[in-house]
Amino acid sequence: MASDLGIDSLTTLLENEAPHLLEKREKKERREGLPLLKKAVKGKVVLRFAPNPNGPLSFGHARGIVINGSYAKEWDGELILRFDDTDTVVKPPLPSAYEQIPEEAEWLLGFKPHRIVIASDRIPHYYEHAEQMLSRDFGYVCQCSGEEFKEFRISKTNCPCRSNDVDKNLQLWGQMLDGTFVPGDAVVRVKTSMDLKNPALRDWPALRIQNTAEHPHPRKEIGSLYRVWPLLDFQSAVEDHLQGVTHIIRGKDLMDSTRKQTLLYEHFGWSYPETMYWGRVKVHEWGGFSTSQMRRDIEDGKFSGWDDPRLPTLSALRNRGITNQALRSFWEELGVTQKDISVPLSTLYSHNTKSIDDDAPRISFVRNPHQMKLIGTHQDSISVEVHPNHPERGKRNFSLLTSSVWIEKEDSKIPELRLKGFCDVKNVDGSAHIGSEERSDRRPIVHWLSNESSIDGVLLVPNAETIESLHGKLESHQYPIGTMVQIERIGYARVVDSSTLMFTHS
RNA sequence: GCUCGUAUAGUGUAGUGGCCCAUCAUAAAGGACUCUCAUUCCUUUGACCCGGGUUCAAAUCCCGGUACGAGCACCA
């Protein structure tokens with residue numbers, strides 16, 4: 001048609017017949033930041049981050065905090081920090097985590113979580129819903145063993161307990177509560193259907209009995225108070241509803257959990273929150289660290305504590321000098337895709353460099369120090385800038401009264417070099433013959449320290465297995481503990497004390 | 001085995017039928033600036049898992065394959 005009529009007449013035709021077709025489509029905006037939260041209403045969004053307090057937070061937990069926290073902030077909503085501490089036997093909670101986790105979450109977020117919920121404080125609510133479930137006949141007390149039920153699940157057959165009537169179930173429930181039953185004797189199941197396609201969903205267990213006499217809950221106020229405890233899927237489902245959670249964003253390992261919980265919500269007549277999932281993240285340089293494994297290794301003395309700089313815990317990263325800003329932008333950049341990914345640490349480091357470089361005062365540290373006598377005339381002291389991009393921050397002064405300097409052994413092999421900010425020197429038989437004060441050629445520039453302005457110092461470098469202590473000459477300074485500094489020509493570090501630095505990254 | 005999910009440069013990520021010979025970041029290489037191997041800036045390198053189908057048009061939709069991951073705990 002176009003070739004017959006020509007493009008102009010075709011355009012005219014369209015203008016008359018269907019002008020909307022000629023409208024230039026808006027150039028699509030490239031999305032920035034996190035994906036749009038579906039069905040979100042400003043001011044009405046409620047999200048939660050629900051760790052098991054069986055240890056302090058790890059690098060991976062940071063994702064849950066950052067992503068949920070960012071959405072809460074974006075939508076003027078609320079972030080709930082919930083302790084899912086309903087297991088006293090397999091992964092028992094760590095008492096100190098109840099204090100540490102909120103503190104770390106606040107550090108990471110820059111604000112306090114709006115609500116803190118502790119599952120072990122909420123057992124009566126879960127009991128109430130369990131009773132409702134039994135009374136309304138969409139749950140039952142099952143006395144089969146785990147093995148027996150596994151057979152039923154595989155063969156898609158109802159277990160005999162499924163046909164208990166309501167009275168029988170309530171009676172058995174009473175026996176679970178009063179101690180007639182011991183762990184393994186009975187469990188409360190949700191009636192879904194035994195021929196559901198996905199075997200994971202078939203009459204899933206909601207509450208079980210724990211031996212809290214032998215394994216009391218670590219929180220003193222709870223201790224051995226309860227014998228019957230909800231499992232994650234039940235506890236989490238009920239609590240999300242009670243708290244009015246609107247959006248759940250979590251790992252895709254919990255996808256089947258969503259499906260289980262949706263079936264429960266249908267029974268109760270509730271509607272399930274919107275959900276999003278992220279995939280597994282591995283950091284190239286770290287293997288698999290599990291909280292329980294780290295806990296054992298710390299107890300065995302393999303690591304000095306949860307903040308041992310070799311560990312991927314939040315406190316360790318913080319201790320090493322990774323900023324909350326770096327962690328936030330790192331996780332926000334990864335977003336919420338369901339892909340399983342492996343990320344190199346350099347990505348995190350690059351975010352960290354961005355967040356600290358502009359603030360970090362420059363400092364010198366001479367590894368393998370090699371002393372050189374200065375030959376020739378020179379000033380009594382030299383001053384160099386604290387930060388080259390910020391002259392207003394002042395100068396660092398190096399006294400030269402004893403005419404001797406420290407440079408790195410490696411650098412001492414170079415015949416002609418320039419002492420940074422000072423002068424050109426020629427290395428003759430281990431002495432530094434002073435040449436031009438102005439930079440006269442392209443000879444290598446090295447950092448140095450004078451005898452009077454340096455002290456014996458240590459640079460701690462965490463490796464996978466060990467923490468290496470590099471001894472050397474450290475520029476005398478008065479920066480408070482925790483200050484992030486840039487060691488000239490080496491990298492970034494955190495001030496541990498006046499003579500010790502913790503290497504962060506290069 | 002059953003079930004669910006995901007596949008875009010080295011690594012991450014954007015992209016929901018025409019704006020895409022594909023975005024941004026990071027990495028690597030080169031360069032500018034700089035009295036740090038820093039910061040900042042510039043340039044270059046480099047990708048739609050495979051095979052079919054639907055369509056005028058497919059990274060995008062459908063089917064099949066392959067790979068990887070997860071769940072099927074009286075753990076969270």
Side-chain angles (χ1 to χ4, degrees), chain A residues 24-32 35 50-54 83-93 119 142 144-146 149-150 153-154 156 183-189 196-202 204-211 228-229 231-233 235-236 251-260 277 279-282 284 291-292 329-330 333-335 337-344 346-351 353-354 356-358 360 362 364 384-385 387-390 418-424 437-439 442-447 486-492 506:
Chain A
K24 280 254 165 66
R25 233 203 296 176
E26 288 270 323
K27 177 100 181 160
K28 267 181 208 158
E29 284 296 311
R30 298 283 179 202
R31 183 173 61 70
E32 265 186 40
N52 176 3
N54 64 336
F83 294 101
D84 281 352
D85 57 347
T86 55
D87 171 50
T88 67
V89 182
V90 184
K91 292 177 182 172
C142 175
C144 304
S145 71
F149 193 83
K150 196 172 182 179
R153 180 170 48 232
I154 293 168
K156 300 188 177 183
D185 284 353
V187 51
V188 178
R189 293 187 180 280
L196 250 22
K197 265 172 68 181
N198 187 342
L201 314 183
R202 295 171 195 159
W204 53 272
L207 301 99
R208 82 328 199 160
I209 303 166
Q210 296 191 99
N211 184 345
V228 177
W229 285 80
L231 273 326
L232 171 82
D233 290 316
Q235 177 270 128
S236 174
K252 69 173 183 180
D253 51 314
L254 265 6
M255 265 180 166
D256 282 347
S257 217
T258 297
R259 296 181 183 107
K260 289 185 202 172
Y277 309 93
R280 264 178 88 92
V281 174
K282 269 201 305 193
H284 232 83
T291 302
S292 359
S329 42
F330 173 86
E333 188 175 87
L334 293 196
T337 64
Q338 291 187 31
K339 267 199 286 189
D340 301 310
I341 55 175
S342 178
V343 194
S346 57
T347 305
L348 177 62
Y349 292 162
S350 127
H351 285 288
T353 297
K354 280 194 180 68
I356 59 180
D357 183 78
D358 198 56
R362 272 44 177 170
S364 283
V384 294
E385 274 161 352
H387 194 301
N389 302 346
H390 296 280
R418 178 166 179 83
L419 302 178
K420 186 170 184 293
F422 179 17
C423 62
D424 289 349
E437 275 196 18
E438 294 302 312
R439 196 179 177 191
R442 308 276 294 182
R443 65 180 68 192
I445 296 165
V446 304
H447 63 291
Q486 192 212 63
I487 316 174
E488 285 182 314
R489 294 177 69 217
I490 297 175
Y492 298 91
S506 53

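Just so it is clear: chains get the letters A, B, ... in the order the sequence lines come, proteins before strands, and each one is counted from 1.
The shortest distance between side-chain heavy atoms of A:Tyr277 and A:Thr258 falls below 4.5 Å.
Atom CG in A:Asp233 sits about 11 Å away from atom P in B:C74, given to the nearest Å. Regarding A:Asp357, its CG atom lies at a distance of 4 Å from the C1' atom of B:U39, rounded to whole Å. One atom, OH of A:Tyr349, and another, P of B:A38, lie 17 Å apart when rounded to the nearest Å. Counting to the nearest Å, the C1' atom of B:G71 and the CG atom of A:Asp256 are 4 Å from each other. Whole-Å rounding puts the A:Arg259 CZ to B:C4 P distance at 8 Å. B:C74 atom P lies 13 Å from atom CG of A:Leu207, rounded to whole Å. One interatomic measurement links the two molecules: CH2 of A:Trp204 to P of B:C75, which rounds to 14 Å at whole-angstrom precision. Residue A:Leu232 contributes atom CG, which lies 14 Å from atom C1' of B:C74 at whole-angstrom precision.
A donor-acceptor contact under 3.5 Å links the side chain of A:Arg362 to the base of B:A38. Between the side chain of A:Gln486 and the base of B:U39 there is no donor-acceptor pair of N/O atoms closer than 3.5 Å.
At a threshold of 4.0 angstrom between heavy atoms, the contacts of A:Thr86 are confined to the sugar-phosphate backbone, with no base atom among them. In this structure, A:Ser342 reaches the sugar-phosphate backbone alone: every heavy-atom distance under 4.0 Å involves primed, P, OP1 or OP2 atoms, never a base. Counting any heavy atom pair closer than 4.0 Å across all strands shown, A:Asp84 reaches sugar-phosphate atoms only and no base atom. At a threshold of 4.0 angstrom between heavy atoms, the contacts of A:Gly335 with the nucleic acid are absent. Note on A:Ser145: a base of the nucleic acid sits closer than 4.0 angstrom, heavy atoms only. If you check every strand for non-hydrogen atoms under 4.0 Å, A:Gln235 touches nothing. At the heavy-atom level, A:Tyr492 lies under 4.0 Å from the strands shown only through sugar-phosphate atoms. A:Cys142 comes within 4.0 angstrom of nothing in the nucleic acid, heavy atoms only. Looking at heavy-atom distances under 4.0 Å, A:Gly146 makes contact with a base. Within the 4.0 angstrom heavy-atom criterion, base atoms lie near A:Pro388. At a threshold of 4.0 angstrom between heavy atoms, the contacts of A:Leu254 include nucleobase atoms, whether or not backbone atoms are also involved.
Of the candidates B:A76, B:U40, B:C35, the closest approach to any side-chain atom of A:Ile445 belongs to B:C35. Each of B:G12, B:C35, B:A38 was ranked by its minimum atom distance to the side chain of A:Arg418; first place goes to B:C35. Closest to the A:Gln338 side chain, of the nucleotides B:C75, B:G71, B:G5, is B:G5. Counting only heavy atoms from C-beta on, A:Arg208 has its side chain closest to B:C74 among B:G71, B:A38, B:C74. Looking at the side chain of A:Ser350, the nearest of the listed nucleotides B:G12, B:U26, B:C74 is B:U26. In this structure, of B:U39, B:G71, B:A76, it is B:A76 that holds the atom nearest to the side chain of A:Lys91. Candidate nucleotides B:C74, B:U39, B:G12 were compared by shortest atom distance to the side chain of A:Thr353, and B:U39 ranks first. Of the candidates B:C37, B:C2, B:G12, B:C37 carries the atom nearest the A:Arg489 side chain, counting heavy atoms from C-beta on. Closest to the A:Pro205 side chain, of the nucleotides B:A76, B:A38, B:C74, is B:C74. Residue A:Asp340 has its side chain nearest to B:G5 when only B:G5, B:C75, B:G71 are considered.
Across B:C20 and B:U13, the matching C1' atoms stand 16 Å from one another, rounded to whole Å. Nucleotides B:G15 and B:C61 place their P atoms 13 Å apart, quoted to the nearest Å. For B:C41 and B:C24, the P atoms lie 14 Å apart once the distance is rounded to whole Å.
A distance-only check finds no donor-acceptor pair linking the side chain of A:Arg280 to the backbone of A:Lys339 [under 3.5 Å]. For A:Arg202 (side chain) and A:Ala200 (main-chain N/O), no donor-acceptor pair under 3.5 Å exists by modelled atom type. Side-chain N or O atoms of A:His387 include one that pairs as donor or acceptor with a backbone N or O of A:Asp357 at under 3.5 Å. Using modelled atom types, one side-chain atom of A:Gln210 and one backbone atom of A:Thr88 make a donor-acceptor pair closer than 3.5 Å.
Comparing A:Lys354 and A:Asp358 along RNA chain B, the residue whose closest nucleotide (by nearest heavy atom) sits nearer the 5' end is A:Lys354. Each of A:Glu333 and A:Arg202 was matched to the nucleotide of RNA chain B holding its nearest heavy atom; the match closer to the 5' end belongs to A:Arg202.
Nearest heavy-atom pair across A:Gln486 and A:Ala360 is N-CB, 3.8 Å.
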*Verify side-chain hydrogen bond (donor to acceptor under 3.5 Å, both in side chains) between A:Asp87 and A:Asn52, making sure each step is shown before the conclusion.*
CA-CA 9 Å; A:Asp87 171 50; A:Asn52 176 3; 5.5 Å; no
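Between A:Ser257 and B:G71, a side-chain N or O to OP1/OP2 separation shorter than 4.0 Å is absent. At the phosphate of B:A76, neither OP1 nor OP2 sits under 4.0 Å from any side-chain N or O atom of A:Thr291. Note on A:Lys339: a side-chain N or O is less than 4.0 Å away from OP1 or OP2 of B:U8. OP1 or OP2 of B:A70 lies within a sub-4.0 Å distance of a side-chain N or O belonging to A:Arg280. Listed pair A:Lys420 / B:U34 fails the phosphate criterion, with no side-chain N or O lying under 4.0 Å from OP1 or OP2.
In this structure, A:Lys91 NZ and A:Thr291 OG1 are separated by 8.0 Å, a value rounded to the nearest 0.5 Å.
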